[in-house]
Q: 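Structure provided below as structure tokens; questions to follow.
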Amino acid sequence: MLATATKSLRQRLITQWLSRSPRERRLLTYASATLTLSGYIWMLVAGTQAGATLRSNLPGLRMQAITLDQHANEIAQLRPLPSQASSNTSLLILVQSMAEIAGLSDSLSTLEALDINRVAIEVGTISFPLWIDWINTLEQQGIRVERIRMETLLTPGFVSASVTLLRVSQS
């Protein structure tokens with residue numbers, strides 16, 4: 001069906017083309033070639049101009065990328081973490097400052113020193129991912145969880161916890 005429709009359309013176009021005078025056919029051929037060439041030239045000029053604009057912007061964009069990478073490295077280095085726990089620094093002060101840095105000081109309901117190397121903490125309501133991130137940060141500072149009791153809350157993703165933290169001896 002499609003093949004016959006295509007053949008009949010082709011036959012009609014050929015008939016119309018041949019019904020034109022040689023002068024009209026030549027004029028239509030030149031007009032279509034001129035339009036095609038004009039469109040090609042227009043696209044070539046527009047593409048060349050866009051390429052030139054992009055090439056002129058590229059060094060500035062590369063510099064911005066390098067600057068952003070440097071800023072990211074500086075931020076990572078300057079992240080306000082206390083130095084490794086030393087034996088003469090109270091663990092209570094260290095944990096309290098790390099909780100403030102992480103923005104958890106409002107979540108802590110109690111913070112009590114059991115001795116210089118052990119601290120008991122009660123956390124009211126905290127998001128579980130934030131809690132895990134903070135515990136991982138403490139472990140990087142040489143503080144580990146000795147005992148934990150955690151309860152899920154009615155709000156999805158939030159927990160309450162009772163924890164005893166222990167300073168790992170530096171050897």
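Heavy atoms only: backbone and side chains are in, while hydrogens, waters and symmetry mates are out.
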Q: Evaluate the side-chain proximity of Thr48 to Val45: yes if any heavy-atom separation is below 4.5 Å, no if none is.
A: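 The answer is no; the side chains never approach within 4.5 Å.
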Q: With a 4.5 Å cut-off on side-chain heavy atoms, are Phe158 and Leu130 touching?
A: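 The answer is no, as the side chains (C-beta and beyond) never meet within the 4.5 Å cut-off.
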Q: Group every Ile, Leu, Val, Met, Phe, Trp and Tyr by side-chain heavy-atom contacts under 4.5 Å, then state whether Ile66 and Leu58 land in the same group.
A: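 Hydrophobic grouping puts Ile66 apart from Leu58.
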Q: Less than 4.5 Å apart, any side-chain heavy atom of Arg147 and any of Ser162?
A: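 Yes, their side chains come closer than 4.5 Å.
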Q: Are Met150 and Leu138 grouped together when hydrophobic residues (ILVMFWY) are joined by side-chain heavy atoms under 4.5 angstrom apart?
A: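 Linked within one cluster.
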Q: Counting C-beta onward and ignoring hydrogens, is there a side-chain heavy-atom pair between Val145 and Leu165 closer than 4.5 Å?
A: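 SC-SC contact between Val145 and Leu165 confirmed.
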Q: Quick one: pull up CD1 in Ile41 and OG1 in Thr36 and give me the separation to the nearest 0.5 Å.
A: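 Ile41 atom CD1 to Thr36 atom OG1 measures 11.0 Å (nearest 0.5 Å).
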Q: So how far is it from Thr29 OG1 to Arg25 CZ, rounded to the nearest 0.5 Å?
A: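 Thr29 OG1 to Arg25 CZ: 9.0 Å, rounded to 0.5 Å.
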Q: Got a second to check how far Leu54's CG is from Gln49's CD, nearest 0.5 Å?
A: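 If I round to the nearest 0.5 Å, the distance is 12.0 Å.
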Q: How long is the straight-line distance from NZ of Lys7 back to CG of Leu9, given to the nearest 0.5 Å?
A: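 The distance works out to 13.5 Å.
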Q: Starting at OG of Ser97, measure out to CG of Leu92 and round the result to the nearest 0.5 Å.
A: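 Between Ser97 OG and Leu92 CG, I get 9.5 Å after rounding to 0.5 Å.
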Q: Would you check if Ile126 and Val159 make a side-chain contact, meaning some heavy-atom pair closer than 4.5 Å?
A: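 Heavy-atom side-chain distance check passes, below 4.5 Å.
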Q: Is the shortest side-chain heavy-atom distance between Arg23 and Leu27 below 4.5 Å?
A: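 No - every pair of side-chain heavy atoms lies 4.5 Å or more apart.
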Q: Is it the case that one hydrophobic cluster holds both Leu28 and Ile14, taking links as side-chain heavy atoms less than 4.5 Å apart, direct or via other members?
A: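 Yes; tracing contacts between hydrophobic side chains, which count when under 4.5 Å, links both residues.
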Q: Where do Pro129 and Gly157 come nearest, in terms of heavy atoms and distance?
A: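 So the minimum-distance heavy-atom pair works out to CD-O, 4.2 Å.
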Q: Where do Asn136 and Glu139 land on the side chain to side chain contact (heavy atoms under 4.5 Å, CB included) test, with the steps shown first?
A: CA-CA 5 Å; Asn136 288 336; Glu139 285 181 356; 4.1 Å; yes
Q: Answer whether the closest heavy-atom distance between the side chains of Thr152 and Phe128 falls below 4.5 Å.
A: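 No, side chains not in contact.
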Q: If two hydrophobic side chains count as joined below 4.5 Å and joins carry through other members, does Leu153 share a cluster with Val123?
A: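 No, Leu153 and Val123 fall in different hydrophobic clusters.
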Q: More than 12 foreign heavy atoms under 6.0 Å from CZ of Arg20: is that the case here?
A: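 Atom CZ in Arg20 is not crowded, with 12 or fewer foreign heavy atoms closer than 6.0 Å.
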Q: Just distance, no hydrogens or angles: give the donor-acceptor pairs under 3.5 Å from side chains in residues 98-114, sequence neighbours left out.
A:
{"unit_1": "Ser107", "atom_1": "OG", "unit_2": "Thr125", "atom_2": "O", "d": "3.4"}
{"unit_1": "Ser109", "atom_1": "OG", "unit_2": "Glu122", "atom_2": "O", "d": "3.0"}
{"unit_1": "Thr110", "atom_1": "OG1", "unit_2": "Glu122", "atom_2": "N", "d": "3.4"}

Q: Quick one: are Trp131 and Val163 in side-chain contact, heavy atoms under 4.5 Å?
A: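 They are in contact (side-chain heavy atoms under 4.5 Å apart), so the answer is yes.
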Q: If I take atom CZ from residue Arg144 and atom CG from residue Leu166, how far apart are they, to the nearest 0.5 angstrom?
A: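 The distance works out to 5.0 Å.
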